[in-house]
Protein chains: 2
Amino acid sequence: MNSRPLTVAIVGATGAVGMEFLRCLAERRFPVKELRLLASARSVGRELSFDGKALVVQELTEKSFEGVDIALFSAGGGISKRYAPIAVAAGAIVVDNSSAFRMDPEVPLVIPEINAGAIAGHKGIVANPNCAAIIAITPLWPIHQHNRIRRMTIATYQAASGAGAAAMDELADSTRAYLDGRAFQPRVLPHPYAFNLFSHNTAIDPETGYNDEETKVMRETRKIYGDPDLRLSATCVRVPVLRAHAAAVTFECERPIDEARVRVLLANAPGVRLVDDRERNIFPMPRDASQQDDILVGRIRQDLGDPSGHSISLFVAGDQLLKGAALNAVQIAEHLLAA
Amino acid sequence: MNSRPLTVAIVGATGAVGMEFLRCLAERRFPVKELRLLASARSVGRELSFDGKALVVQELTEKSFEGVDIALFSAGGGISKRYAPIAVAAGAIVVDNSSAFRMDPEVPLVIPEINAGAIAGHKGIVANPNCAAIIAITPLWPIHQHNRIRRMTIATYQAASGAGAAAMDELADSTRAYLDGRAFQPRVLPHPYAFNLFSHNTAIDPETGYNDEETKVMRETRKIYGDPDLRLSATCVRVPVLRAHAAAVTFECERPIDEARVRVLLANAPGVRLVDDRERNIFPMPRDASQQDDILVGRIRQDLGDPSGHSISLFVAGDQLLKGAALNAVQIAEHLLAA
C-alpha cells in the first residue's frame, strides 16, 4: 500500500476494543486519510475523538465500505460473518478481531511477532487471534524456535474486558453493590463477579469438556505456531480484574532447557518485557500490564514437576484490549501498509 | 480422650481463623467444658461469643495452658514455635495451624480424609497443612489410591483470608478507594489489591525460584500422601477474592485414567462435592465455596495435552478459613477425642 494515507473503517467503534483502535491508530501515527466509525443504529450520532478531532459514528450498512482501504472489525462474530465479505468485495482488507474466520485455512491468523510472514497470503481477511492465546503464547515463541515446545499447560486469569465494556461496568457496579451490602443482579455475565471468579463463560464442548475459550487457545496456538502436533491444554478462568489477562504457563521442550537460557531468550523477545525480580517479589501483575503495549513475563523457573529438565514454568500478564486485541490488529494493519 | 468434656484453648482467638475455630467447635458440638481464648495483650478484654455465651479474651502467657486438653494454634509460626512446646509440657495436645512444625518428621501433618491414621503417632503436636495444599489435594486422594498420581501441576487462585483478617479488610478498603477514585496505600500486602492479582507474597527461594507458599504445597503434599517420589509444581497467585481459594490442577497417573472414573471416585469422596454442570456452565466458584465445609470440584476432563490418556484436568474451590484452616484443625481434634 506504499504508506499512502488510507481510508480506515472501524466496525464496532463504540466498544471497548473499538475505542482502543482509535487510540492505537493515533498514537502509532497510522497514515489515516479518512477514519470511518461504524456501529449499530443505537450508537449513531455519538461523537468520538480521534487525534484531537471529533468524529461522528455512522450506522454500519452494506454501503459502509466504499472507498475503504482497511477495515478493523470488533463487533462480534455475527457482524464479521455478515459484513467482512461485503467489505472485501468493496476492495477493503479486513483485520477481524472476532473468532469468525480464525480457523479458516484461507485466512491468516497472525501475531506479528510470530508469523507476520503469513499476512502476505491473505485473500482479503486477516484474523486477529484470541486475546488469551496472544498473551500466553507471544512470549513463548522465541523459546519454541530455539528448542521446540512439545507440550503446554495453561491456566488463565482473565479480565472483564474480554467480555466487553458492559462486563467491565458490571464488575465495577457489582463490586460497589457488594461493598454497600446491596443485592446485584448480573446482566452481562452468568455469575456474580464481585470478589468472585468463575470458569470462562463460553459453552462447553460436551465431547471434550473444554469450553470454547479453551478450545480457541489450543487450536489457534497450533495454527499460529504452524505446529499441528503441539500438545496443549488450557483452563480459562474469569477473575475480577478490569483489563489485563494473566496466565500461569508450564511448557515442556523437546530437549532439556535451562531457565537461564529462557531468560536470555525473553530479554531479547519483541513485544515482551521481563519483570522477574525475585528479591523484591515483583512479577507480572494486571495493574502493571494495563495500558502497556508489552506483555510482561516473569516467575521463570525450572518446573520441579519434571526432573528431566525439559520443563519451565512462568507467569505472564498483558493488556487484553491492547496486545490482546486492538494493538495486535493495528500491528497487522501496519504490515499490510508495508506490503 | 473418651469424649469427656474438655478444656480447649484457642491461641489467636481474635484472628480470622480464630473466629472460625469458635464457630466450628460450636456447630460441630465439640465437647467443650471450658474454652480459653488467648491472644496478644492488645486484644485482652475483648468479648467473643461462643455457643450463645460471651467469653473474654485473655493474654497468652507461659501459664495459659494449665489444665488445657487441646490447644488450637493459629497465631503465626513464631507464636507456635514459642508456645506449642509450653502447651505440650503442660499436658495439652496442640493442633497447630502454622507452618512451624509441618515438616518436622516427629509431627504428623494431617488432612483427616487422607491420613487420619497418622494422628495416633503424635508426640504432643499435630500440624494442620497449608490451606492451598488442603484445598488442591484433598479431592485427588481417592484418585491417587486408585491409580497413583505421579505428577501434578497446580495453579492457584488464592483469597485474601490466607493473609489474615487485615488483608481481607485491605482488599475491601482498597477496592472501595479505587471505585471512588481515591489513592490507597497498601499496609498489609506488598502490591495494590483492588482489581489486581499478584504472585504469592512470600519470599522466593533463590535456588529454585519457587516462593514459600509453593514450596509448602509441594513438600506438604508429599508428606501427607506419604509419597516422597510424587513430582509436582505449583504456581501460587493471590487474587481479589475474600475467603475461598481455587486451583486449576492437572495430574498424570501411572496408568491411563478415564474422566468418568474420576467423576465416580469424586462423587463418593468424603469432604468433596461435585459441581460439574457442563450444560448450565456451573462449576466451582469461591462465592459458592465460602462458608461451606466441602471442597467443590468440577471441570473434570481428560487433559488434551496428554494423548496417552494418563492425565486429567480439574478445578477446585474451598473455603480457606474452614477446610483450609479451622475446620481441618477441629476435625483433627475430633480424631484426638476418639483416640
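Atom set for the values below is all heavy atoms of this structure, side chains included, hydrogens, waters and symmetry mates excluded. This structure is a prediction, so every number in the text was calculated from the model and none was measured. First the proteins, then the strands, lettered A, B, ... as listed; each starts at 1.
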Engineer: Are there residues of residues 250-267 of chain B whose heavy atoms fall under 4.5 Å of chain A's heavy atoms? If so, which?
Structural biologist: Thr250(B), Glu252(B), Glu259(B)
Engineer: Which one wins on heavy-atom pair count under 4.5 Å against chain B: Ala160(A), Ser290(A), Ala194(A)?
Structural biologist: Ala194(A)
Engineer: Can you tell me how far apart CE (Met218(B)) and CG (Leu304(A)) are? Round to the nearest 0.5 Å.
Structural biologist: 5.0 Å
Engineer: Check each atom of Thr202(B) against the heavy atoms of chain A and say whether the ones under 4.5 Å are side chain, backbone, both or neither.
Structural biologist: backbone
Engineer: Hey, what do you get for CG (Asp303(B)) to CG (Leu232(A)), rounding to the nearest 0.5 Å?
Structural biologist: 9.5 Å
Engineer: Please identify, among Gly209(A), Ala159(A), Gly298(A), the residue contributing the most non-hydrogen atom pairs under 4.5 Å to chain B.
Structural biologist: Gly209(A)
Engineer: Flag yes if more than 12 heavy atoms outside Arg182(A) fall under 6.0 Å of its CZ atom; otherwise flag no.
Structural biologist: yes
Engineer: Hey, could you give me the CZ/CG distance between Arg278(A) and Asp205(B), rounded to the nearest 0.5 Å?
Structural biologist: 8.5 Å
Engineer: For each of Asn201(B), Asp276(B), Leu171(B), tally heavy-atom pairs with chain A at distances under 4.5 Å, and name the one with the top tally.
Structural biologist: Leu171(B)
Engineer: I want to check something: taking the side chain as every heavy atom from C-beta on, are Asn211(B) and Phe283(A) in contact at a cut-off of under 4.5 Å?
Structural biologist: no
Engineer: Out of Ile204(A), Asn196(A), Thr175(A), which one racks up the most heavy-atom pairs below 4.5 Å with chain B?
Structural biologist: Asn196(A)
Engineer: Under 4.5 Å from any heavy atom of chain A, what part of Arg287(B) do you find: side chain, backbone, both or neither?
Structural biologist: both
Engineer: Are Asp288(B) and His191(A) close enough that some pair of their side-chain heavy atoms sits under 4.5 Å apart?
Structural biologist: no
Engineer: Could you check Tyr157(B), Phe195(B), Phe198(B) and say which one makes a ring-ring contact (aromatic ring centres under 6.0 Å, His included) with Tyr157(A)?
Structural biologist: Tyr157(B)
Engineer: Rounded to the nearest 0.5 Å, what separation is found between the CZ atom of Phe315(A) and the CG atom of Leu197(B)?
Structural biologist: 5.0 Å
Engineer: Rounded to the nearest 0.5 Å, how far does CG of Asp306(B) lie from OG1 of Thr153(A)?
Structural biologist: 9.0 Å
Engineer: Which bit of Thr156(B) comes within less than 4.5 Å of chain A, counting heavy atoms only: side chain, backbone, both or neither?
Structural biologist: backbone
Engineer: With a 4.5 angstrom heavy-atom cut-off, is it the side chain or the backbone of Thr235(B) that approaches chain A, or both, or neither?
Structural biologist: both
Engineer: Does any backbone or side-chain atom of Ala234(B) lie under 4.5 Å from a heavy atom of chain A? Answer side chain, backbone, both or neither.
Structural biologist: backbone
Engineer: Are the charged groups of Arg176(A) and Asp180(B) less than 4.0 angstrom apart, N to O?
Structural biologist: yes
Engineer: Val239(A), Val237(A), Ile300(A): which one forms the most heavy-atom pairs within less than 4.5 Å of chain B?
Structural biologist: Val237(A)
Engineer: State, with a plain yes or no, whether a side-chain heavy atom of Glu214(A) is found less than 4.5 Å away from one of Ser313(B).
Structural biologist: no
Engineer: How long is the straight-line distance from CD of Gln302(B) back to OG of Ser233(A), given to the nearest 0.5 Å?
Structural biologist: 11.5 Å
Engineer: Check each atom of Arg299(B) against the heavy atoms of chain A and say whether the ones under 4.5 Å are side chain, backbone, both or neither.
Structural biologist: side chain
Engineer: Could you check whether any side-chain N or O of Arg301(A) sits under 3.5 Å from a backbone N or O of Tyr210(B), counting only pairs where one atom can act as donor and the other as acceptor?
Structural biologist: no
Engineer: At a 4.5 Å cut-off on heavy atoms, which part of Pro206(B) comes close to chain A: side chain, backbone, both, or neither?
Structural biologist: backbone
Engineer: Check whether Ala246(B) gets within reach of chain A through its side chain, its backbone, both or neither, counting any heavy atom under 4.5 Å.
Structural biologist: side chain
Engineer: If you compare all heavy atoms of Gly305(A) against all heavy atoms of Arg231(B), which two are closest, and at what distance to 0.1 Å?
Structural biologist: O-NH1, 2.8 Å
